[in-house]
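Read through the structure below, which is laid out as structure tokens, and then see the notes.
Keep in mind it's a predicted model, so treat the numbers as computed, not measured. We count residues from 1, following the sequence as given.
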Amino acid sequence: MEKRVWNMNISFTKMHGCGNDYIYINCFEQYIEHPEKLSKIISDRHFGVGGDGIVLICPSENADVKMRMFNIDGSEGKMCGNAIRCVAKYVYDNNIAKKEVLKIDTLSGVKTIELKVKDDQMYEATVDMGDAILNPSSIPVLLEEEGALIDVPIEIEATTYNITTVSMGNPHCVLFDDDITSINLAVIGPKFEHHPLFPESVNTEFIQVENRNTIHMRVWERGSGETLACGTGACAAVVASVLNGYCDKDTDITVKLLGGELVIRYTDNSVFMTGPAKKVFEGIFQW
């Protein structure tokens with residue numbers, strides 16, 4: 001079948017999970033020729049729709065749908081925990097797959113999502129994010145250490161930071177601090193994102209522990225900068241909190257983000273994330 005560009009008028013739906021907002025495009029109905037270019041333009045908060053990037057909802061041979069996400073800088077991401085809940089909401093609410101358990105294909109594999117529905121609309125979902133990856137070479141992190149990197153000191157521009165690294169299908173570097181509100185993420189975030197230790201760059205989470213069931217988090221996302229929430233980052237943060245002895249496995253941990261709250265449970269076999277998904281508006285973008 002010949003691929004078609006639809007007169008450069010792109011139908012979209014703006015959605016968010018805890019303030020982590022993306023522009024969602026139904027690719028069952030339209031074809032996007034250059035999504036990496038579109039993401040830079042449409043995500044601009046002054047001259048475009050505004051968002052942390054775009055998400056394409058596409059047909060899949062392996063699942064109910066396939067999700068492709070592009071950051072605001074045009075780079076393609078492998079996985080986004082907040083975005084995948086919004087994809088599930090779009091798919092259910094728009095009758096693409098009217099199931100309360102969905103399979104969504106991503107560059108990090110097929111994920112299973114259990115939906116919570118009210119008045120024929122999805123409002124919350126639990127995502128099986130798969131097991132946390134701790135092997136440094138698989139994250140990847142270029143540190144010659146045996147086993148997981150837990151509370152390991154590294155030096156960045158003459159400052160020592162203790163890091164714990166985790167992959168949730170994308171790389172994360174987690175740090176703990178007594179006061180994350182005072183951290184200048186615009187300065188520190190890029191130093192981690194582009195550090196040669198992280199050959200694929202890295203998402204960086206700064207965590208303040210409230211108690212064994214509650215943590216606070218700020219995040220610098222590679223390709224997007226500081227965002228109000230990050231689902232994979234919240235999962236990585238809870239894994240790191242357990243590994244460092246602040247929280248416990250098999251327990252619901254509330255992660256308080258700038259844009260809302262997620263509940264994460266880290267088990268021996270997987271990490272489960274529960275959170276909301278909300279539609280903001282629909283529109284047509286002329287490109």
For the backbone of Leu228 and the side chain of Asn20, can you confirm whether one donor and one acceptor N or O come within less than 3.5 Å of each other? no
Would you please say whether a donor-acceptor pair under 3.5 Å links the side chains of Asp128 and Ser270? yes
Hydrophobic cluster membership, Phe28 vs Tyr31, 4.5 Å side-chain cutoff: no
Say you draw a straight line from SG of Cys86 to CG of Asp21; how long is it, rounded to the nearest 0.5 Å? 9.5 Å
On the 0 to 90° scale, with breaks at 30° and 60°, tag the Phe281-Phe12 ring pair as parallel, tilted or perpendicular. perpendicular
State, to 0.1 Å, how close Ile253 and Cys247 come at their nearest heavy-atom pair, and which atoms those are. CD1-CB, 3.9 Å
Report yes or no: do Thr232 and Asn170 form a side-chain donor-acceptor pair below 3.5 Å? yes
Checking the side chain of Asp93 only, and the main-chain atoms of Met122 only, is there a donor and an acceptor separated by less than 3.5 Å? yes
Under the side-chain contact (heavy atoms from CB on, under 4.5 Å) test against Val65, which residue among Asn26, Ile104, Asp105 passes? Ile104
Please report the interatomic distance CD(Glu76) to CZ(Arg68), rounded to the nearest 0.5 Å. 4.0 Å
When rounded to the nearest 0.5 angstrom, what is the spacing between CD in Glu221 and CD1 in Ile72? 11.0 Å
Heavy-atom closest pair (His16 atom, Cys18 atom, distance to 0.1 Å) is ND1-N, 3.6 Å
Keeping the roles fixed (side chain from Lys256, backbone from Glu261), state whether a donor-acceptor pair exists under 3.5 Å. no
Could you tell me whether the side chain of Lys111 reaches within less than 4.5 Å of the side chain of Met79, counting heavy atoms only? yes
Quick check on Glu144: does its CD atom have over 12 non-hydrogen neighbours (other residues, nucleotides or ligands) under 6.0 Å away? no
For the residue pair Asn244 and Ile150, establish whether any side-chain heavy-atom pair is separated by less than 4.5 Å. yes
Between Ile215 and Ser241, the two heavy atoms sitting closest are CD1-OG, 3.8 Å
Any carboxylate oxygen within less than 4.0 angstrom of a Lys/Arg side-chain nitrogen, looking at Arg265 and Asp252? yes
Criterion side chain to side chain contact (heavy atoms under 4.5 Å, CB included) on Ile139 and Phe198, from CA distance to verdict: CA-CA 9 Å; Ile139 292 174; Phe198 308 105; 5.9 Å; no
Do any N or O atoms from the side chain of Lys14 and from the backbone of Gly283 form a donor-acceptor pair under 3.5 angstrom? no
Going by atom types alone, do Ser60 and Asn62 pair a side-chain donor with an acceptor below 3.5 Å? no
Report yes or no: is the cationic atom of Lys98 (NZ for Lys, CZ for Arg) closer than 6.0 Å to the six-membered ring centre of Tyr92, at no more than 45° off its axis? yes
Got Arg222 and Val202 here, is their nearest side-chain heavy-atom distance under 4.5 Å? no
Taking the side chain from Ser39 and the backbone from Asn71, do they hold a donor-acceptor pair closer than 3.5 Å? yes
Please say yes or no: joined through hydrophobic side-chain contacts below 4.5 Å, possibly via intermediate residues, are Ile23 and Val280 part of one cluster? yes
For Thr251, is there any backbone N or O sitting under 3.5 Å from a side-chain donor or acceptor partner on Asp248? no
Measure the OG-CD1 distance between Ser43 and Ile54 for me, rounded to the nearest 0.5 Å. 6.5 Å
For the residue pair Phe176 and Tyr246, categorise the inter-ring angle as parallel (less than 30°), tilted (30 to 60°) or perpendicular (more than 60°). tilted
Taking the side chain as C-beta and beyond, is there a heavy-atom pair between Asn203 and Trp220 under 4.5 Å? no
Indicate yes or no: at least one non-hydrogen side-chain atom of Val271 is less than 4.5 angstrom from one of Val238. no
Please report the shortest heavy-atom distance between Val174 and Ala236, naming the atom on each side. CG2-O, 3.9 Å
Evaluate the side-chain proximity of Pro136 to Leu143: yes if any heavy-atom separation is below 4.5 Å, no if none is. no
When rounded to the nearest 0.5 Å, the distance separating CD1 of Ile57 from OH of Tyr24 is 7.5 Å
Asp52 side-chain N/O to Tyr22 backbone N/O, donor-acceptor pair under 3.5 Å: no
Indicate yes or no: at least one non-hydrogen side-chain atom of Lys78 is less than 4.5 angstrom from one of Glu200. yes
Heavy-atom neighbours of Asp178 CG exceed 12 at 6.0 Å: no
Would you compute the distance between atom CZ of Phe206 and atom CG of Asp177 and round it to the nearest 0.5 angstrom? 8.5 Å
According to a 4.5 Å side-chain heavy-atom criterion applied to Ile, Leu, Val, Met, Phe, Trp and Tyr, with indirect links allowed, do Leu175 and Met217 form part of one hydrophobic cluster? no
Can you list the steps and then say if Phe272 with Thr267 is a side chain to side chain contact (heavy atoms under 4.5 Å, CB included)? CA-CA 8 Å; Phe272 296 91; Thr267 73; 4.1 Å; yes
Using the rule that two of Ile, Leu, Val, Met, Phe, Trp, Tyr join whenever any of their side-chain heavy atoms come within less than 4.5 Å, decide whether Tyr266 and Val209 are in one cluster. yes
Sub-4.5 Å side-chain heavy-atom contact between Pro276 and Arg85: yes
Are Val219 and Ile183 co-members of a hydrophobic cluster defined by side-chain heavy atoms under 4.5 Å apart? no
With a 6.0 Å cut-off (strictly less than), is the heavy-atom count around NZ of Lys37, excluding the residue itself, greater than 12? no
Polar side-chain atom of Arg218 near backbone of Leu258 as donor-acceptor pair, under 3.5 Å: no
Closest non-hydrogen atom pair between Glu124 and Gly275, with its separation: CG-O, 3.2 Å
Does either side chain, that of Ser75 or that of Asp73, offer a donor lying less than 3.5 Å from an acceptor on the other one? yes
Here the pair of heavy atoms bringing His172 nearest to Glu205 is ND1-OE2, 2.8 Å
